[in-house]
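The structure appears right after this line, and notes come after that.
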Amino acid sequence: MDFTSKLPHVGTSIFTVMSALAREHNAINLSQGFPDFNCDKKLIELTAGFTSGGFNQYAPMQGALPLREQIAGLIQNCYQAIYHPDSEITITAGATQGIYTSIAAFIRPGDEVIIFEPAYDSYRPAIEVNGGIVKAIALDYPGFTINWATVKKTITHKTRMILINTPHNPSGTTLAENDLKELEKLVAGKNIIVVSDEVYEHMVFDGNAHQSVARYKQLASQSIIVSSFGKTIHATGWKIGYVTAPKAIMEEFRKVHQFLVFSVNHPFQLALADYLKDSSVYLQLHHFYQTKRDYFRQLISCSRFTMEPCTGTYFHLLNYKNISDESDTEFALRLTKEKGLAAIPLSVFSSNKPQNHLLRFCFAKKEETLERAAEILCTL
Ligand code: PMP
Ligand code: GLN
């Protein structure tokens, strides 16, 4: 057959590659982001209750209403914003589908979409497969901050969308109030939709608040917020996420959503709705992960790695410039194959592949896993 790939430069995702390599070499896997401990037993019991209780047919296209109601409560609770469960909240098959659907619903061939690199790996292909043009802006290193003057210069009459991500994967940094205000000013009155990937919304550390777009009224009026329960409930395999947007935007989103997945796993949505009635599930999550972050930092303090700041997410960047001159990919491969520890090289998240000697480690792991990993890191 004769066909031209729509995504000629896309290979297998780095997460799949590194997790497979970790398995092959029996290495400790701190590469792909997922917990190595189970989710709450109560959640599993709730799921069993709904599957055996007969809730095994299609959920409504928008998502199970009890779950949408819980999400509306969560947003009001955390960000003092009102999103209507009927018309402004949709349950998705993870954040990946929420991001893809947002792009597919609004991006036409030739439209420009601004992203910030290093960027989560699904953004660029989702834009390109829909004919959009990626305008990548490098985050300033060190610190991974956004230069708003550069953003202003990059906006043209073709800019249809700006995609932001806070807390940020892969850097583990977070945007500040001032960033959101700059963005709000920049897009006000322009025909630009902001897509805000907030999947780590409940993992912001050191007493800081998550800067959700939902907190900024004007900005929220032209934004789609995407989140995921995978991180919040320690069950990345459930692939249940959600999207919130003002009614008119959500109507367009749902036009695509209904023909992409129609609806999402019904009994699991109902279990989640019950589970989230206890708001400590999400309100206390930052304590849980801050403790893990601090423990990981303490364990590796004797190593020759230098630690980058980590203000959110469950990822920590470590700099190996005192240890090796290798490229980050070479170093990550060697660490996995020869030392038995898998991490993600940071350059793969940027189109210009900057070599800053950084690896990303996922600390959503049991204490004993972090201890075994640190033992290896301290020998290097
Ligand atoms: N965005 C970011 C920044 C992520 O790290 C991830 C993956 N954890 C996703 C989106 C995708 O989330 P999901 O697994 O719910 O599709
Ligand atoms: N979000 C996870 C990470 O950054 C991986 C998700 C995936 O494998 N697609 O590691």
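Read the numbers this way: they start at 1 and go in the same order the structure lists the ligands and their atoms.
Heavy-atom contacts of F315 reach the following atoms of ligand 2: 3 (C), 4 (O), 10 (O) (cutoff under 4.0 Å). The contact set between ligand 1 and G94, taken as ligand atoms under 4.0 Å from a residue heavy atom, comprises 15 (O), 16 (O). Applying the 4.0 Å criterion to heavy atoms of N169 picks out, from ligand 1, the atoms 3 (C), 4 (C), 5 (O).
Of the heavy atoms in I240, none comes closer than 4.0 Å to ligand 1. Under 4.0 angstrom from ligand 1, the non-hydrogen atoms of K231 all belong to its side chain. With a heavy-atom cut-off of 4.0 Å, T236 does not touch ligand 2 at all. With a 4.0 Å cut-off on non-hydrogen atoms, R360 touches ligand 2 through its side chain and not its backbone.
Considering backbone and side-chain atoms alike, T96 places an N or O below 3.5 Å from some N or O of ligand 1. In terms of N/O distances under 3.5 Å, ligand 2 is not approached by S13. Considering backbone and side-chain atoms alike, G33 places an N or O below 3.5 Å from some N or O of ligand 2. Considering backbone and side-chain atoms together, S31 places no N or O closer than 3.5 Å to any N or O of ligand 2.
In terms of protein heavy-atom proximity, atom 2 (C) of ligand 1 is nearest to D197 OD2, 3.3 Å. In terms of protein heavy-atom proximity, atom 12 (O) of ligand 1 is nearest to A95 CB, 3.5 Å. For atom 7 (C) of ligand 2, the closest non-hydrogen atom on the protein side is F15 CD1, 3.6 Å. The protein atom (non-hydrogen) at minimum distance from atom 8 (O) of ligand 2 is Q32 NE2, 2.7 Å. When only non-hydrogen protein atoms are considered, atom 15 (O) of ligand 1 lies nearest to S228 OG, 2.6 Å. When hydrogens are left out, the protein atom nearest atom 14 (O) of ligand 1 is K239 NZ, 3.1 Å; that is the closest non-hydrogen contact. Closest to atom 6 (C) of ligand 2 among all protein heavy atoms lies Y120 OH, 3.3 Å.
Considering CG of D179 and CH2 of W148, their distance stands at 6.0 Å, rounded to 0.5 Å.
Ring orientation note: the planes of F331 and Y320 are close to parallel, at an angle under 30° on the 30°/60° scale. Between H234 and F288, the ring planes lie tilted relative to each other; the angle falls in the 30° to 60° range. Note: H202 and Y282 have tilted aromatic rings, judged against thresholds of 30 and 60 degrees for the angle between ring planes. The aromatic rings of H266 and F55 stand perpendicular to each other, their planes meeting at an angle above 60°, with 30° marking the opposite boundary.
The main-chain N or O of S327 is found under 3.5 Å from a side-chain atom of E330 such that the two form a donor-acceptor pair. Listed for the Q290 side chain is a donor-acceptor partner under 3.5 Å among the backbone atoms of D206. Checking side-chain atoms of K231 against main-chain N and O of S228 turns up no donor-acceptor pair under 3.5 Å.
A donor-acceptor pair shorter than 3.5 Å cannot be found between the side chains of Q62 and T90. A donor-acceptor contact closer than 3.5 angstrom is absent between the side chains of N169 and T313.
In summary, the aromatic rings of Y200 and F315 are positioned with their centroids under 6.0 Å apart.
With respect to P167, the side-chain contact (heavy atoms from CB on, under 4.5 Å) criterion is satisfied by exactly one of N208, T174, D197: T174.
Comparing Y314, F315, W238, Y200 against atom 5 (O) of ligand 1, the shortest heavy-atom distance belongs to Y200.
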